[in-house]
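Worksheet: one structure, shown below.
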Number of protein chains: 2
Amino acid sequence: MEEHALKALGERITCLRQQREWSLSHLAERAGIAKSNLSRIEQGIGNPTLDTLWRMARQLEVPFGTLVAPAAGALIDSGMRVTLLEQGTDDACPVDAYLMHCDPHSRRIAEAHTPHTRERVEVIHGHIRVGPTEAPAELDAGDSLEFNADCEHLYEAGDQPVAMLITILHAPRRPR
Amino acid sequence: MEEHALKALGERITCLRQQREWSLSHLAERAGIAKSNLSRIEQGIGNPTLDTLWRMARQLEVPFGTLVAPAAGALIDSGMRVTLLEQGTDDACPVDAYLMHCDPHSRRIAEAHTPHTRERVEVIHGHIRVGPTEAPAELDAGDSLEFNADCEHLYEAGDQPVAMLITILHAPRRPR
DNA sequence: ATAAAACGTTCGATTAAAGGAACAATCTGA
DNA sequence: TCAGATTGTTCCTTTAATCGAACGTTTTAT
């Protein structure tokens, strides 16, 4: 298994724990695991059991997938991870679909894409400021936005972890 | 850990494996784990390690979260495969994000969801007729649609395989 | 028909994850 | 100030997850 993923998992757990202002000992006790075990996991050493992860996700009130899945994607920038879900095969309108996770307060400025490229985002949870750098929008869970991505654009997470779908439309949408 | 969850996990892995028409031995070899290990896991006995689960998810090409916690589950219908990508944690607006694949000419009529539930679809590739049964829309790659899902609604693929993102908004969107 | 291969399960041996206690360092309160 | 509690880490022990091999069975091929 990839060492980086273990480290990312540990950091994520530490982050979630500290958000709740819990001590390591406290979370370990709540979850019913030894604090020595939790300590090693947060350090990114070891290889936790499903049971251990399960108990922690329950106490942190985090969907199990989000606890470990964000590590699956490529880390593109400080605290932001992107996973390619699917690439469109349609030449007339090539579409890339991504799932993106952002740590709290993470921020990224993306370069302009090729002309006429549009980008669409849908927020699953959290709060994020996103859009062209000079005119970003504020989105919450359930909100969506479509904007021209052929200019510099911004992603900036709020004070909670953010999950969002991103679709990149590499050609202008065909009029219907 | 709950015994039932372990059993469900095992059945899910068996199902995913058989969908691909792989033998237990084959998946074990691909994933780089002992087949004795995989056998135990599919039987629901034991408590697999993150590393083990990770390797299996990679080979099955399933997002890690859906492997262990498919709350809504990855359900198989006539030629349609749905995988849960992420569940929103925001109580104010719980969002479920799915990736859906449809075989050519597959067709499905979904029951009405709870009142005020809305559904948003984004087509990655292929052509599909989707929306309320009495007024479906025709979408191509790059198109999107949002509609009320508190009534019977339809999915009907064209003559090519379809991939699409589906987000289900379980509460009315908060006015901004 | 019979051998060969592959199937999934079960069995000990090895490895490592989880638990428990001791540790120094830090924070708390009298 | 000083005792007590709590922090997170590290050691050692216990437990069990993983591995490799052997097993009986089924499928395939000659």
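Note on naming: letters A, B, ... go to the chains in the order of the sequence lines (proteins, then strands), and numbering restarts at 1 for each one.
When the side-chain nitrogen and oxygen atoms of B:Thr49 are compared with OP1 and OP2 of D:dA17, none of them lie within a distance under 4.0 Å. Residue B:Ser25 has a polar side-chain atom (N or O) positioned under 4.0 Å from OP1 or OP2 of C:dG8. The shortest distance between the side-chain N/O atoms of A:Ser39 and the OP1/OP2 oxygens of D:dG8 is not below 4.0 Å. For A:Arg17 and D:dG8, the shortest distance from a side-chain N or O to OP1 or OP2 is below 4.0 Å. A close approach under 4.0 Å does not occur between any side-chain nitrogen or oxygen of A:Asn37 and OP1 or OP2 of C:dA17. Taking side-chain N and O atoms only, A:Ser36 has no distance below 4.0 Å to OP1 or OP2 of D:dT9. Phosphate contact (OP1/OP2 of C:dG8, side-chain N/O of B:Gln43, threshold under 4.0 Å): absent.
No donor-acceptor contact under 3.5 angstrom links the side chains of B:Thr52 and B:Thr49, judged on distance only.
Between the P atom of D:dT18 and the CE atom of B:Met56 lies a distance of 10 Å, rounded to the nearest Å. Taking atom CG of A:Asp51 as the reference point, atom P of D:dT15 lies 16 Å away to the nearest angstrom. For the pair B:Arg55 CZ and D:dT18 P, the interatomic distance rounds to 11 Å; values are reported in whole Å. Between the CG atom of B:Asn47 and the C1' atom of D:dT14 there is a distance of 16 Å, rounded to whole Å. Taking atom CD1 of residue B:Ile45 and atom P of nucleotide C:dC11, one finds them 11 Å apart after rounding to whole Å. Distance CH2 (B:Trp54) to P (D:dT18): 16 Å, rounded to an integer number of Å. B:Lys35 places its NZ atom 8 Å from the P atom of C:dC7, with the value rounded to the nearest Å. Distance NE2 (B:His26) to P (C:dA6): 12 Å, rounded to an integer number of Å.
Distances were taken from every side-chain heavy atom of A:Arg40 (C-beta onward) to each of C:dG19, D:dT18, D:dG8; the shortest belongs to C:dG19. Ranking C:dG8, D:dG8, C:dA18 by closeness to the A:Ser23 side chain, first place goes to D:dG8.
B:Leu38 comes within contact range of no nucleotide atom at all, as no heavy-atom separation falls under 4.0 Å.
The backbone N or O of B:Arg107 sits nowhere less than 3.5 Å from a side-chain atom of B:Arg129 that would complete a donor-acceptor pair.
Between A:Asp103 and A:Arg12 there is a side-chain heavy-atom pair separated by less than 4.5 Å. Inter-residue side-chain proximity for A:Leu53 and A:Leu9 is flagged as met; some heavy-atom pair is nearer than 4.5 Å.
With sequence neighbours left out, A:His26 forms a ring pair (Phe, Tyr, Trp, His ring centres under 6.0 Å) with A:Trp22.
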